[in-house]
Amino acid sequence: MPRFIRCLLSSLLLASSLSGAIAQTAPRSGSSYGIELQGFAYPYPLKSYAFDSQGQHLKMGYMDVAATGTPNGRTVVLMHGKNFCGATWEDSIRQLSAAGYRVVAPDQVGFCASSKPASYQYSFQQLAMNTQGLLAQLGVQRATVLGHSTGGMLAARYALMYPEQVEQLAMVNPIGLEDWKALGVPHRSVDQWYERELKLSADGVRKYELSTYYVGRWKPEYERWVDMLVGLNQGPGHKLVAWNSALIYDMIFTQPVVYEFPLLKMPVLLLIGDADTTAIGSDIAPPGVKEKIGRYNVLGRQVANMIPNATLVEFHGLGHAPQMEDPAGFHQALLAGLQSLK
């Protein structure tokens, strides 16, 4: 049998196995949400964008929130991080809308309220194209793109692909400010990522986020986002959610954008919690490598110097999600940075 046929049959068997697991896997603890996060309350009406990609019929959940303040004619597109969803932008949506912006907050394919395909070649280019299709359907021709964490990598890729449609790029503690594999972080296979994601637990997520995202300071309101992430993983789509997560981690690790930052020509706003230590693969990195990666107090300034038209705002002592740790201070800086475009 030719090798390409064997590979195709293997992919089809894997897809069948993962799809069948949706109905067979029961939640292990805590909340349980549907495979597209059914049962979790979004802060604004959740809509759906249907499209075809890679031979499949897929959909993206999204929120499209009109300005509640005096409309300023501008649109902000929000791109969530790996362990986040469009819903985690709740405070930012409210602040931006009150300031006169239309806000579009999609969930990317593989995440949250969007499709979890059993087989998908993930790339930041593909996710950018998916997002561009959504914006075209909504009639958004030009926007400010704001990305957090992995969403920062996607926002940068989107800006590189569609520069004429991005009036301003803003990134909040984006990951990918360094190339981990080039710095010596060991490679994990998709299978290894998958086994890791199958073991996701509320205690594990909480411990990781406490040390990395929130610098040892936990607030009760963070529990909602742990519940969201773990409830999705431990719901009836457990294996398929974990498989998509594994594919996405491989995309993040193998598709650095840092080398292309000098090509960004639009105004760029970097919002950096300088106590952040996020780095993909740091848990398996040798000690000598681990101590050198994820240093946002250094990375923010390095990247600001790489981008021709960058403005850096540092939040001293804050971690990976300054918009959650200090909403008032963060949104004051964000709105000032967006208004500086005028």
Checklist entry - Taking everything shown except K181 itself, do over 12 heavy atoms lie less than 6.0 Å from its NZ? => result yes
Item to check | Candidate pair E223 and R206, rule salt bridge (charged side-chain N to carboxylate O under 4.0 Å, His left out), full reasoning | outcome: CA-CA 8 Å; E223 282 295 330; R206 194 179 297 111; 2.7 Å; yes
Checklist entry - In Å, rounded to the nearest 0.5 Å, how long is the span from CG of L169 to OH of Y158? => result 11.5 Å
Next on the checklist: Within the 4.5 Å heavy-atom criterion, are W218 and E209 side-chain neighbours or not?
Outcome noted: yes
Item to check | Set of side chain to side chain donor-acceptor pair (under 3.5 Å) partners for E90, sequence neighbours left out | outcome: R224
Next on the checklist: One pair to check against side chain to side chain contact (heavy atoms under 4.5 Å, CB included): Q125 and Q255. What are the steps and the verdict?
Outcome noted: CA-CA 10 Å; Q125 287 87 343; Q255 298 179 25; 3.9 Å; yes
Checklist entry - Sequence neighbours excluded, which residues qualify as side chain to side chain donor-acceptor pair (under 3.5 Å) partners of S97? => result T68
Item to check | CD (Q38) with more than 12 external heavy atoms under 6.0 Å | outcome: yes
Item to check | From W89 atom CH2 to Y42 atom OH, the distance as rounded to the nearest 0.5 Å | outcome: 14.0 Å
Next on the checklist: Does atom CZ (R94) have a neighbourhood of more than 12 heavy atoms from anything else shown, all under 6.0 Å?
Outcome noted: yes
Checklist outcome for this item: On a heavy-atom basis, the closest approach of C112 and K116 is O-NZ, 2.7 Å
Checklist entry - So, E178 and R295, do they make that salt bridge, N to O below 4.0 Å? => result no
Checklist entry - When you measure from the side chain of E314 to the backbone N and O of R301, does any donor-acceptor pair fall under 3.5 Å? => result no
Next on the checklist: Rounded to the nearest 0.5 Å, what separates atom OG1 in T150 from atom CE in M79?
Outcome noted: 12.5 Å
Checklist entry - Does some side-chain heavy atom of Y62 sit less than 4.5 Å from a side-chain heavy atom of L135? => result no
Checklist entry - When clusters are formed by joining ILVMFWY residues with side-chain heavy atoms under 4.5 Å apart, either directly or through shared neighbours, do I307 and M161 land in the same one? => result yes
Item to check | Side chain to side chain, L271 and P322, heavy atoms closer than 4.5 Å | outcome: no
Checklist entry - Are the side chains of S115 and H57 in touch, meaning some heavy atoms are under 4.5 Å apart? => result no
Item to check | Side-chain H-bond candidate by donor/acceptor type, S92 with Q323, under 3.5 Å | outcome: no
Checklist entry - Under a 4.5 Å cut-off applied to non-hydrogen side-chain atoms, are M63 and L78 in contact? => result no
Checklist outcome for this item: The reported gap from CG in L299 to OG1 in T277 (rounded to nearest 0.5 angstrom) is 11.0 Å
Checklist entry - Yes or no on side chain to side chain donor-acceptor pair (under 3.5 Å) for T131 and Q108, after CA distance, side-chain angles and deciding distance? => result CA-CA 8 Å; T131 304; Q108 298 297 326; 3.1 Å; yes
Item to check | CA sep, side-chain torsions, deciding dist, call: R74, E167, side chain to side chain contact (heavy atoms under 4.5 Å, CB included) | outcome: CA-CA 10 Å; R74 294 177 63 186; E167 61 184 7; 2.9 Å; yes
Next on the checklist: In this structure, would V298 and V303 fall into the same cluster of hydrophobic residues linked by side-chain contacts under 4.5 Å?
Outcome noted: no
Checklist entry - Taking 4.0 angstrom as the limit, do D283 and R188 come out as a salt bridge? => result yes
Item to check | Donor-acceptor contact present, side-chain S149 to main-chain I175, <3.5 Å | outcome: no
Next on the checklist: Does the plane of the ring in Y296 sit parallel, tilted or perpendicular to the ring in H320? Use 30° and 60° as the thresholds.
Outcome noted: perpendicular
Checklist outcome for this item: Closest non-hydrogen atoms of M153 and P174, given as atom of the first, atom of the second and distance, are N-CB, 4.5 Å
Checklist outcome for this item: Minimal heavy-atom distance between D274 and H316, with the atoms involved, is OD2-ND1, 2.7 Å
Checklist entry - Do the side chain of N233 and the main chain of L229 share a donor and acceptor less than 3.5 angstrom apart? => result no
Item to check | Heavy-atom neighbours of Q141 CD exceed 12 at 6.0 Å | outcome: no
Next on the checklist: Under a 3.5 Å threshold, yes or no: a donor from one side chain and an acceptor from the other, between T88 and H80?
Outcome noted: no
Checklist outcome for this item: Correct closest heavy-atom pair for D326 and L318 would be CB-CD1, 3.7 Å
Next on the checklist: Keeping D107 on the side-chain end and A113 on the backbone end, is there a donor-acceptor pair under 3.5 Å?
Outcome noted: yes
Next on the checklist: If you count every heavy atom of other residues, nucleotides or ligands that lies below 6.0 Å from E221 atom CD, does the total exceed 12?
Outcome noted: yes
Item to check | Donor-acceptor under 3.5 Å (W225 side chain, F84 main chain) | outcome: no
Checklist entry - Any side-chain heavy-atom pair from E197 and W243 closer than 4.5 angstrom? => result no
Item to check | Stepwise side chain to side chain contact (heavy atoms under 4.5 Å, CB included) test for M251 and L127 | outcome: CA-CA 11 Å; M251 171 188 72; L127 297 185; 3.9 Å; yes
Checklist entry - side-chain contact (heavy atoms from CB on, under 4.5 Å) with P286: which residues, sequence neighbours excluded? => result P186, V289
Next on the checklist: Is there a path of hydrophobic side-chain contacts, each under 4.5 Å between heavy atoms of I/L/V/M/F/W/Y residues, joining V215 to V172?
Outcome noted: no
Checklist entry - Is any side-chain heavy atom of F261 closer than 4.5 Å to a side-chain heavy atom of V268? => result no
Checklist outcome for this item: Of all heavy-atom pairs linking L264 and A156, the shortest is CD2-O, 4.1 Å
Checklist entry - Does CE in M129 sit with more than 12 non-hydrogen atoms of other residues, nucleotides or ligands closer than 6.0 Å? => result no
Next on the checklist: Distance check, rounded to the nearest 0.5 Å: R196 atom CZ versus Q192 atom CD?
Outcome noted: 11.0 Å
Checklist entry - Is it true that the side chains of D276 and T278 contain a donor and an acceptor less than 3.5 Å apart? => result yes
Checklist entry - If every non-hydrogen atom of L160 is compared with every non-hydrogen atom of P163, which pair is closest and at what distance? => result O-CD, 3.6 Å
Checklist entry - Between Y162 and V145, is a side chain to side chain contact (heavy atoms under 4.5 Å, CB included) present by the stated rule, with each step listed? => result CA-CA 11 Å; Y162 305 104; V145 179; over 6 Å; no
Checklist entry - Does one hydrophobic cluster hold both V257 and L183, with members joined at side-chain heavy-atom distances below 4.5 Å? => result yes
Item to check | Spatial distance of atom NZ (K265) from atom CG (L263) [nearest 0.5 Å] | outcome: 6.0 Å
Next on the checklist: Could you go through Y122 and D250, starting from their C-alpha distance and side-chain angles, then the distance that decides it, and tell me whether this counts as side chain to side chain donor-acceptor pair (under 3.5 Å)?
Outcome noted: CA-CA 9 Å; Y122 278 99; D250 185 72; over 6 Å; no
Checklist entry - Judged by atom type as modelled, is there a donor-acceptor pair below 3.5 Å linking the side chain of T70 to the main-chain atoms of G100? => result no
Checklist entry - Could R157 and E260 be called an ion pair, given the rule that one side-chain N must be under 4.0 Å from one carboxylate O? => result yes
Checklist entry - Do L334 and L146 have side chains that get closer than 4.5 Å, going by heavy atoms? => result yes
Item to check | Y214-Y208 co-clustered via ILVMFWY side chain contacts under 4.5 Å | outcome: yes
